[in-house]
Amino acid sequence: MARYEPSQSEALWQKAWADAEVFRARRDESKRKYYVLEMFPYPSGRIHMGHVRNYTMGDVVARTKIAQGYSVLHPMGWDAFGMPAENAAMERGGHPKTWTYGNIADMKAQMRPLGLSIDWTREFATCDPEYYGQQQAMFIDMMAAGLVYRKNAVVNWDPVDMTVLANEQVIDGRGWRSGAMVERRELTQWFFKISDYSEELLTALDGLKDWPEKVRIMQANWIGQSRGLQFAFETKGAPQGFERLEVYTTRPDTLMGASFAAISPDHPLARALEAGNPAVAAFVAECRRIGTSEEALEKAEKRGLDTGITVRHPLDQAWELPVYIANFILMDYGTGAIFGCPAHDARDFEFATKYGLSIHSVFVPEGEIDAPLTEAFVPPKSETVHYVRRFAGESVQSGENGVETAIAYCEGHGIGKGVTNYRLRDWGISRQRYWGCPIPVVHCATCGVVPEAKANLPVRLPDDVSFDQPGNPLDRHPTWRDCACPKCGAPARRETDTMDTFVDSSWYYARFTAPHAATPTVAEDVGYWMNVDQYIGGIEHAILHLLYSRFFARAMHKTGHLPAKAIEPFNALFTQGMVTHEIYLTRDAAGRPVYHLPEDVEGGQLKASGEAVEVIPSAKMSKSKKNVVDPVNIIERFGADTARWFILSDSPPERDVEWTAAGAEAAFKFLNRVWLIAERVAEMPVSDAGPGDMDLMRAVHRAIADVTFAIENFAFNKAIAKIYELANTLSRSAASAAAMKVALRAMAQLMSPMVPHLAEEIWHAMGGAGLVVTAPWPEADPALLVEDEVTLPIQINGKRRAEITVPKDMPASEVEKLVLADETVARALAGQPPKKLIVVPGRIVNVVH
RNA sequence: GCGGGCGUGGCGGAAUGGUAGACGCAUGGGACUUAAAAUCCCUCGGGCGCAAGCCCAUGCCGGUUCGAGUCCGGCCGCCCGCACCA
């Protein structure tokens, strides 16, 4: 063996794997399959450490499963549609297509040196017509299945650029480029009926045992099932057609605490009033400037306008409540109208205080009396309270009971009905943009809205478009819109909306099973490969991407593109943390921060000038703060194995990991050390079995058991710690050459998922047969794992005071005798019997006195 | 604002409710070297003590328990998401 030079050897091993086609996924009915998938990247043009972390984790899983004899599918593709390509075209000229495919080529070139176990023959980009054409075919099937419809919905409208803005393009209520105040505008848009599956998507979460609990909770809250009462107020003074006002409430038990009714600025009644009332029109217009995001609405100051209309309280005809238009009422939730009970809702309290509305408690804590409130009293619904303004049920009961008895009472008296509502809204997929999958629909003067004929798919994006002006190039293209109606043949116009890019990423996992098929999926392939056994990605996708994918899998099943077993497409989910780095900055003359790349800083100073830098604690790597480390540079300097080893070693995978130069160097040093151990062993003279052989074998088998367990539980940092221990044992061992070689081969195997190139090198040097990547995963011999003795700490009153070593299976009664005979214990007890003696076999002893 | 998560030495972290700090980094000491680098060995939470040992310590405040970093309640700080960023 020569020096450890990864730049030489890594490429050679990658070629060996490619030549042997070891990562080619094959449908082999005789083997168990394993499908591991990392969330595919957006082709920005550069890979970053977050990608390295994500794909290395997937690679560890994939390589372990290959060694364990599975037929493994580990694909990679590109989430290639989206706004950045259009922005690039606007800023720098060029075409989104050229930009995107160029980026893909660049990123792929940066990824390949990592030595990932990817089957590149399955690669595709979502902007390939071959892919989005199949997506259009499924859209048409979903239309036929009743899962698609059109309705009006509001968008952010930039009145200067005359274009629709994404939420992230609205900054403080203004368009990001024009700076104009953004307006809300209604457009007819395409929707998927995800709400058909609200209950199903909620209840099925219980079956996702291998998903993080937090993701299931977030999804459940997002779906937001609620039980409540829907009823109608009779109105007084409302325009014709608004004699009744439907409201929905989850707290009908607080009806007697009502002090106002409120409607959304987008409510039909508000619109009706707007026409004839300038004050209403002005207020509503102001509300519409807040923007469309729920975050913006919630953060905005709560404001309302008294419409002058009143409603009768359903339980007391003489009781009238004012009707407000309020900026925090969402038209999309419930009926877009509510009644306010300030005593038991924080937002209503704030509102009532502001507008001088009455505040009456409906219930008080048990044992307390009714008194004026300084803030809303909102106990958990499960808590028992004393109802002081009650119309149904017991006077002392839980909120839950209160709600149910109130619903029963109202239903019995003809006031509304109990309903189950969901917060989840239908999925609006229309985008007024070019770089997305065209919605395959035609507008015909006689036939109306008609799906394109499947024979005409894909509906391709035209190449001859310009981005010199804002707005949708498809809309202003001279000829692209012109087509023939697929139904009657008359001249017709194409839909110019394209699809939300979340649609693209909602089924790519299924497409990987047959990436180039002439149908969206192939029954044999999805039958064999689905489901994804392990999905890995960022926690930022906990709700939308994963929920849309779960819906889409169901829609694909309904339209015959996925088997029933695949309606939950991801068996196990792992959400990894971010990669962070310290931030380095100096100040310019005006005191503004000037950021510096880590590679330009050494020892707290700029390399170039020696100027001292300020160091800000680690944050997510971002270009704007320049706290980025380019994986390409790291690989050039240390090799891919060092990058992979370090990114896995320093933090638990679900937490953020801080990239540090010292850590990367330490990783490199360790790999060197392993290399040197191997070199020494390779040169050891052959000898008979030595006295240290047995101890070494015990350590090896302990490591096999621990590392395997750690990998299977996504504790890669702990797997690496165990490998460090084994390396320490190995370098101190006095075992024979033969035993050392066996141990090193095992260590190479255990290391191979993380540092596959070095592992091949060592495996080869230690006389391993073939490639380590395909060598069967080692199994721990249980006989070598058993310990004969255990050391038990002895606590006295919960504090560790002594310890005893006893045979592993000594009965508790025997242990007790030994403990009581212990000098420290005897001294502490001073002749008294212990109050309590707790023996946890194999773990601990606690003497209480 | 709402929903979810996280918080342990100088640093990254380890710890089925059972010895807090595995493993690694940094620091300090030593070996090797003319010297340095590399490598190897030892030390390494804080305080008191000659020592045996004792006390304090897992963001803060309380609670449950023989025993709490771990479970429960309340705060503080940071991070993720909020439906047109991907």
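Residue numbers start from 1 in every chain, and the chains themselves are labelled A, B, ... in the order their sequence lines are given, proteins ahead of strands. Remember, it's a predicted structure, so these values are computed and weren't measured experimentally.
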Asks: Tell me which nucleotide, if any, is Watson-Crick or G-U wobble paired with C32(B) when both distances must be under 3.5 Å.
Replies: none
Asks: State the syn/anti category of G9(B) according to its glycosidic angle, syn meaning within 90° of 0.
Replies: syn
Asks: Please check the phosphate of G17(B) (OP1 and OP2 only) for any side-chain N or O of R843(A) closer than 4.0 Å.
Replies: no
Asks: Go nucleotide by nucleotide along RNA chain B from the 5' end; which of D500(A) and N221(A) gets its closest nucleotide reached first?
Replies: N221(A)
Asks: Using ring-ring contact (aromatic ring centres under 6.0 Å, His included) as the criterion, point out the one residue from F502(A), Y548(A), Y149(A), W427(A) that pairs with F192(A).
Replies: W427(A)
Asks: Any N or O donor-acceptor pair linking the side chain of E294(A) to the base of C2(B) at under 3.5 Å?
Replies: no
Asks: Find the partner of G12(B): check Watson-Crick (N1-N3 plus N6-O4 or O6-N4) and G-U wobble (N1-O2, O6-N3) distances, both under 3.5 Å, and reply none if neither fits.
Replies: C23(B)
Asks: Suppose we define a pair by two distances each less than 3.5 Å, Watson-Crick or G-U wobble; what does G53(B) pair with here?
Replies: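 By the stated definition (distances under 3.5 Å), C48(B) pairs with G53(B).
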Asks: If the cut-off is 4.0 Å, is R431(A) near the phosphate of C84(B), judged by side-chain N/O to OP1 or OP2?
Replies: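 Checking R431(A) against C84(B): at least one side-chain N or O falls below 4.0 Å of OP1 or OP2.
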Asks: Hey, are Y535(A) and W211(A) close enough side-chain-wise for a donor-acceptor pair under 3.5 Å?
Replies: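 No, no side-chain donor-acceptor pair sits under 3.5 Å.
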Asks: What is the distance, to the nearest angstrom, from the CH2 atom on W222(A) to the P atom on G5(B)?
Replies: 16 Å
Asks: Can you tell me if S651(A) touches the phosphate of G13(B), counting only side-chain N or O atoms and a distance under 4.0 Å to OP1 or OP2?
Replies: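 True: S651(A) side-chain N/O within range (under 4.0 Å) of G13(B) OP1/OP2.
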Asks: If you pin I217(A) and N717(A) to their nearest nucleotides in RNA chain B, which one's is more 5'?
Replies: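 Comparing both residues, the 5'-ward one is I217(A).
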Asks: If you compare every side-chain N and O of S293(A) against the phosphate oxygens of C82(B) (OP1, OP2), does one of them come in below 4.0 Å?
Replies: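 It does not, given that no N or O in the side chain of S293(A) lies less than 4.0 Å from OP1 or OP2 of C82(B).
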Asks: Take the protein atom CH2 of W659(A) and the nucleotide atom P of C25(B), then report the distance between them rounded to whole Å.
Replies: 15 Å
Asks: Any side-chain N or O of R732(A) under 4.0 Å from OP1/OP2 of C40(B)?
Replies: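 So the side-chain polar atoms of R732(A) never come under 4.0 Å of the phosphate oxygens OP1 or OP2 of C40(B).
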Asks: Donor-acceptor pair under 3.5 Å: do we get one between R433(A)'s side chain and the base of C84(B)?
Replies: yes
Asks: Less than 4.0 angstrom between a side-chain N/O of K718(A) and OP1 or OP2 of A15(B), yes or no?
Replies: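 Checking A15(B) against K718(A), a side-chain N or O does come within under 4.0 Å of OP1 or OP2.
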Asks: Between G7(B) and R655(A), is there an OP1 or OP2 to side-chain N/O distance shorter than 4.0 Å?
Replies: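 Answer yes for this pair, as a side-chain N or O of R655(A) is under 4.0 Å from OP1 or OP2.
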Asks: Both distances under 3.5 Å, Watson-Crick or G-U wobble: report the partner of G3(B), or none.
Replies: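 By the stated definition (distances under 3.5 Å), C80(B) pairs with G3(B).
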Asks: Just how far, in rounded Å, is P of A22(B) from OH of Y724(A)?
Replies: 15 Å
Asks: Please report, rounded to the nearest Å, how far the C1' atom of G24(B) is from the CG atom of L671(A).
Replies: 13 Å
Asks: For E789(A), does the CD atom sit with more than 12 other heavy atoms under 6.0 Å from it, leaving out its own atoms?
Replies: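 Yes - once you tally the heavy atoms of other residues, nucleotides and ligands closer than 6.0 Å, there are more than 12.
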Asks: Quick one, T575(A) with K214(A), criterion side chain to side chain contact (heavy atoms under 4.5 Å, CB included). Give me CA distance, side-chain angles, the key distance, then yes/no.
Replies: CA-CA 10 Å; T575(A) 56; K214(A) 61 181 169 184; 3.8 Å; yes
Asks: Can you find a side chain N or O atom of K799(A) that sits less than 4.0 Å from OP1 or OP2 on C56(B)?
Replies: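 For C56(B), OP1/OP2 do have a side-chain N/O of K799(A) under 4.0 Å.
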Asks: U64(B) pairs with which nucleotide, Watson-Crick or G-U wobble, both distances below 3.5 Å?
Replies: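 By the stated definition (distances under 3.5 Å), nothing pairs with U64(B).
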Asks: Please walk me through it: do E38(A) and R53(A) pass salt bridge (Lys or Arg N to Asp or Glu O under 4.0 Å)?
Replies: CA-CA 10 Å; E38(A) 300 98 59; R53(A) 192 176 196 204; over 6 Å; no
